[in-house]
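These notes are about the structure you will find just below.
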Amino acid sequence: MNNVAVILAAGDGTRMKSKKSKLLLEINGMTVIERTVRAFISVPRVDEVMVVCRKTDLESFEEVLNKYNISYCFGGKTRQESVSNAVEVIDDCNLIIIHDGARPLVSRQEIEETLDMAIKKDAAAVGVGVKDTIKVIDKGLKIVSTPDRRTLVAIRTPQIFNFELYRQALETANNNNLDFTDDCALVENIGKDVYVIPGSFDNIKITTPEDIAVAESILRTKGEA
């Protein structure tokens, strides 16, 4: 069994308003990308970690991550294209573990539990319950319905799939000129069920400058560096 973690780190991060990749910014003295990679390196069932990055960031990432035995490939114009680039160079894979490089606070428990579910069901993802009341509106901004909040989840990562299943879903999407921003939706598109593992609200995505401060606060609360 060979499980490969694909860490997506090729975004431009324009909302961070930083001249360099947001994944090279530090949270309590450690870069975002190193925290993310370290989380997956620590899981024994993760056999390989591949970072998908921009060509312009490769040298910086290699410098920051030189202590880890990881591989790299270059990202594409979209999330789907970036994962596709990784799939093309992965050999001998059972489960593909797709994770946002900008989610450095993912816990080992979340990774392990999502792996367990993916082994049983072929497709699993972390999700958290929705706190707010959600409204469906029409083009005129009129509220048309209120979904039951108990049936709603916000999907996060990791998202883990049987590799052959994911490759089939990717091929189907590419052949039909479909582009998905969510890997669960990619797999759902071929009629496969995806199962959700309840995750932690601490597993935030670093998107804006404020998120750095939030992440540091979460680590302080946990007593972690």
Looking at [Y] and [X], is any side-chain nitrogen of the basic one under 4.0 Å from a carboxylate oxygen of the acidic one?
X	Y	answer
Glu112	Arg108	yes
Arg156	Asp100	no
Lys222	Asp202	yes

Notebook entry, point to check: side chain to side chain contact (heavy atoms under 4.5 Å, CB included) between Ile190 and Leu165: does it pass, once the steps are laid out?
Noted result: CA-CA 9 Å; Ile190 62 169; Leu165 168 68; 3.7 Å; yes
Sidechain-backbone polar pair: [X] side chain, [Y] backbone, donor-acceptor under 3.5 Å:
X	Y	result
Thr31	Leu25	no
Arg35	Ile27	yes
Ser217	Ala213	no
Asn66	Glu63	yes

What is the distance from atom [atom1] of [X] to atom [atom2] of [Y], rounded to the nearest 0.5 Å?
X	Y	atom1	atom2	answer
Asp116	Glu113	CG	CD	7.5 Å
Glu48	Asn3	CD	CG	10.5 Å
Asp91	Asn2	CG	CG	9.0 Å
Ile111	Asn203	CD1	CG	8.5 Å
Arg220	Asn28	CZ	CG	7.0 Å
Leu23	Ile7	CG	CD1	10.5 Å

Which heavy atom of [X] sits nearest to which heavy atom of [Y], and what is that distance?
X	Y	result
Ile206	Pro104	CG1-CD, 3.7 Å
Pro158	His99	N-ND1, 3.4 Å
Gly75	Ala10	CA-CB, 3.8 Å
Glu110	Gly199	OE2-CA, 3.4 Å
Cys93	Val4	SG-CG2, 3.9 Å
Lys22	Ala102	CE-CB, 3.8 Å

Next item on the list: With Pro147 as reference, evaluate Val130, Leu152, Thr133 under the side chain to side chain contact (heavy atoms under 4.5 Å, CB included) test and give the passing residue.
Entry: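 Of the listed residues Val130, Leu152, Thr133, the side chain to side chain contact (heavy atoms under 4.5 Å, CB included) partner of Pro147 is Leu152.
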Notebook entry, point to check: Under the criterion side chain to side chain contact (heavy atoms under 4.5 Å, CB included), which of Ile90, Asn162, Val87 is the partner of Arg167?
Noted result: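 Single side chain to side chain contact (heavy atoms under 4.5 Å, CB included) partner of Arg167 among Ile90, Asn162, Val87: Val87.
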Between [X] and [Y], is there a shared hydrophobic cluster once you connect ILVMFWY residues whose side-chain heavy atoms come closer than 4.5 Å?
X	Y	answer
Phe163	Ile160	no
Val194	Ile155	no
Val89	Val49	no
Ile204	Leu8	no
Val52	Leu170	yes

Note to self: For Gln80, run the side chain to side chain donor-acceptor pair (under 3.5 Å) check against Asp182, Thr181, Asn174 and tell me which one passes.
What the structure shows: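 Exactly one pass, corresponding to Asn174.
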Item checked: Tyr72/Ile70 under side chain to side chain contact (heavy atoms under 4.5 Å, CB included): CA gap, chis, key distance, verdict -> CA-CA 7 Å; Tyr72 296 88; Ile70 61 177; 3.5 Å; yes
What I'd like to find out is whether the side chain of [X] reaches to under 4.5 Å of the side chain of [Y], using heavy atoms alone.
X	Y	answer
Ser200	Val128	no
Leu186	Leu178	no
Ser21	Arg54	yes
Lys77	Asp179	no
Val46	Ile41	no
Leu115	Val43	yes
Arg79	Asp183	yes

Next item on the list: Find out whether the Lys NZ or Arg CZ of Lys192 is both under 6.0 angstrom from the six-membered ring centre of Phe161 and within 45° of the ring's axis.
Entry: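 Output no; distance or angle outside limits.
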Note to self: With side chain to side chain contact (heavy atoms under 4.5 Å, CB included) as the criterion, how do Glu34 and Leu65 come out once you've worked through the C-alpha distance, each side chain's angles and the decisive distance to 0.1 Å?
What the structure shows: CA-CA 6 Å; Glu34 183 174 358; Leu65 302 172; 3.9 Å; yes
Next item on the list: Report the C-alpha separation of Tyr166 and Leu95 in whole Å, then their side-chain angles, then the decisive distance to 0.1 Å, and conclude whether the side chain to side chain contact (heavy atoms under 4.5 Å, CB included) test is met.
Entry: CA-CA 9 Å; Tyr166 188 85; Leu95 295 175; over 6 Å; no
Is the [atom1] atom of [X] crowded by more than 12 outside heavy atoms at less than 6.0 Å?
X	atom1	answer
Asn69	CG	no
Glu171	CD	no
Glu216	CD	yes

Next item on the list: Would you check, one step at a time, whether the test side-chain hydrogen bond (donor to acceptor under 3.5 Å, both in side chains) holds for Glu210 with Thr208?
Entry: CA-CA 5 Å; Glu210 294 77 15; Thr208 65; 2.9 Å; yes
